[in-house]
Amino acid sequence: MSDLFHLGCPVCRRRFSGEATTICPACFYPTSITYDLDAVRQRISHEAVQARPRDIWRYQELLPVTPGAGGLAGVGWTPLIPAPRLGRKLGSGDVLLKDDAACFPTLSFKDRVVAVALAAARELGYGVVGCASTGNLANAVAAQAARAGLTSWILVPADLEAAKLLGTAVYGAHLVRVAGTYDQVNRLCLEISERHGWGFVNVNLRPFYAEGSKTVAFEIAEQLGWRLPDNVVVPMAGGSQLTRIARGFQELVDVGLVPAHPVRIFGAQAEGCSPIVTAFLEGSRQVVPQVPQTICRSLAIGDPADGYTALEAMTSSGGGAGLASDPEIRQGIRILAESEGILGETAAGVTVAVAGRLLAEGRIGAGDTTVLCITGNGLKTLECLDGHLDLGAPLDPSMAAFEARHAQLAGAA
Ligand SMILES: *Cc1c(COP(=O)(O)O)cnc(C)c1O
Ligand SMILES: [Zn+2]
């Protein structure tokens, strides 16, 4: 692998090369990737980055993959969209959307983490890959494994949304629907990965997977003209993305690509699955597991692996956290769609609702630059709107019938 990074134990500093060790055998602490940031600083520059293709690999010095090792091209570099109409509704003058609902190839931010994990899997020699998923990760692993010619095994809770299930099976993945919660699926995958020696992207390949989320932060900074925003609002499931976005901003400062600027990190969860936000609001560092019950299936992780580090990131940045109920999630989806023409999934509804609450409470300043992370596409979770939008009765194909409808609807507006 490259000389710029290594997989190691942050406690005893042991290094692990050529193997996907997730827990240090000496101190039982989770392993992570460490970069030689002084060496990166020597090699990276605005010009070098900007000369490369517009995807996550333009930040190759800060990713745990050997350059040219064959990561999927075209992933990432999603739009950063000014959202003035949404901002007016929420009470802020400067809101931007990081729109990973448009991410290649499967329309969620999980394409980023999977691209990095599968590139690492290839370098480490795994022929079979897999994941435990709440849906979007399943889509991303299935699609990218198909493209890479890898066999994939994908385990999910049995009753996910149709697009998450069909949109996984269609790629020829071995889809296993488990009659249980995500947390049960995840424990099963840990055993499977050990027994069969497969590369599970969010289990034994997790240190690599997690690094992919930093590219959200890198792109936000570059798209703002190499500067950092004041606030970022991030939906949380396991808490990995939020933690790594915070880390990504810091790394850009450390390697000299952006001037230092404090970014307040805000986390968002659904009321029906809120282990991290509940701990934050209680001022506790103890994340108590929950059994999820929410329409936001993508964020339904009751026992979050990165809960503690997410709490750290929110607290130490001076950020905050908030919750959204199921009706508020639907409302958030509709406000986003009606004001900006962007259809986000349930996680986006959580983010928009929580951003509105934080602005209303003055936790986020109205004059700040605030980025909302829209992490997945609403076409995958349309079920949650079933029965909540008026589609109208079928119309007789006559002009008279249309004029009657026109008078009725225009009068109502
Ligand atoms: C997985 C997921 C998240 C949260 O990711 P974590 O890193 O587990 O916190 C957010 N949004 C969507 C749409 C997701 O699929
Ligand atoms: Zn150790």
Side-chain angles (χ1 to χ4, degrees), residues 7-16 21-32 34 78 98-103 106-114 117 131-141 156 160-161 163-164 167-168 182-183 186 201-202 206 209-214 216 233-248 265 267-270 273-277 287 292 296-307 309-311 313-314 321 329 333 343-352 354 372-381:
L7 178 65
C9 172
V11 176
C12 72
R13 309 266 159 214
R14 244 173 94 168
R15 293 182 177 214
F16 310 95
T21 307
T22 48
I23 302 289
C24 173
C27 38
F28 302 107
Y29 199 84
T31 59
S32 60
T34 303
T78 57
K98 182 57 176 163
D99 187 15
D100 274 6
C103 204
T106 65
L107 308 178
S108 88
F109 99 94
K110 293 294 198 308
D111 286 318
R112 302 171 182 275
V113 290
V114 170
C131 66
S133 174
T134 58
N136 283 314
L137 185 61
N139 297 161
V141 171
V156 296
L160 291 184
E161 299 95 334
K164 306 263 170 93
T168 296
Y182 172 83
D183 300 284
N186 190 53
V201 301
N202 57 337
R206 192 172 182 88
Y209 157 103
E211 292 293 294
S213 286
K214 295 189 310 189
V216 175
V233 186
V234 186
M236 298 185 290
S240 170
Q241 182 186 207
L242 179 140
T243 304
R244 297 311 162 124
I245 286 176
R247 173 87 56 86
I265 311 286
Q269 290 197 298
C273 183
S274 60
I276 307 175
V277 173
V287 176
C296 188
R297 306 302 306 273
S298 59
L299 300 183
I301 295 184
D303 189 3
D306 293 287
T309 50
L311 285 170
M314 293 185 286
I329 293 169
I333 292 172
L343 178 54
E345 71 142 76
T346 46
V350 170
T351 302
V352 170
V354 167
L372 311 191
C373 291
I374 305 304
T375 50
N377 195 297
L379 289 173
K380 298 193 199 183
T381 64

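Positions are given from 1, in the same order as the sequence printed here. Order of listing sets the numbers, starting from 1, for every ligand and every atom in it.
- Closest protein heavy atom to atom 7 (O) of ligand 1: Q241 N, 2.8 Å.
- Distances from atom 1 (C) of ligand 1 to the heavy atoms of M236, K110, K164 put K110 nearest.
- In the candidate list G307, G344, G238, G238 is nearest to atom 8 (O) of ligand 1, counting heavy atoms.
- Inclusion of I301 in the set of residues having an N or O under 3.5 Å from an N or O of ligand 1 is not warranted.
- Nearest heavy atom pair, residue D183 against residue I301, reads OD1-CG2, 3.8 Å.
- When each atom of ligand 1 is checked for a heavy atom of L299 under 4.0 Å away, the hits are 3 (C), 4 (C), 10 (C), 11 (N).
- The distance from ligand 1 to the heavy atoms of A347 drops below 4.0 Å at these ligand atoms: 11 (N), 13 (C).
- Salt bridge K164/E345: present, at least one basic N to carboxylate O contact under 4.0 Å.
- Seen from the Zn ion (ligand 2), atom SG of C12 and atom SG of C27 lie 120° apart in angle, a value rounded to 10°.
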Residues K110, D100; criterion salt bridge (charged side-chain N to carboxylate O under 4.0 Å, His left out); working and verdict: CA-CA 9 Å; K110 293 294 198 308; D100 274 6; over 6 Å; no

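- Distances between N or O atoms of T375 and those of ligand 1 include at least one value under 3.5 Å.
- When all heavy atoms are compared, the tightest approach of A347 to C296 is N-SG, 3.6 Å.
- Ligand-side atoms of ligand 1 in range of S240: 6 (P), 7 (O), 9 (O), range being under 4.0 angstrom from any heavy atom.
- Taking every heavy atom of E345 and a limit of under 4.0 angstrom, the matching atoms of ligand 1 come to 13 (C).
- Between Y209 and ligand 1, no pair of N/O atoms sits closer than 3.5 Å.
- With values rounded to the nearest 0.5 angstrom, E161 atom CD is found 12.5 Å from L379 atom CG.
- In the vicinity of G239, heavy-atom distances shorter than 4.0 Å reach the ligand 1 atoms 6 (P), 8 (O), 9 (O).
- Considering both main-chain and side-chain atoms, N136 comes within under 3.5 Å of ligand 1 through a nitrogen or oxygen pair.
- Considering backbone and side-chain N/O atoms, A237 comes within less than 3.5 Å of an N/O atom of ligand 1.
- Considering every non-hydrogen atom in both V141 and C131, the closest pair reads CG2-SG, 3.8 Å.
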Full working for side chain to side chain donor-acceptor pair (under 3.5 Å) between T168 and N139: CA-CA 5 Å; T168 296; N139 297 161; 2.9 Å; yes

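- One distance of note links OG of S274 with CE of M236; it measures 9.5 Å at 0.5 Å rounding.
- R244 and E211 are joined by a salt bridge, as a carboxylate oxygen and a charged side-chain nitrogen come within less than 4.0 angstrom of each other.
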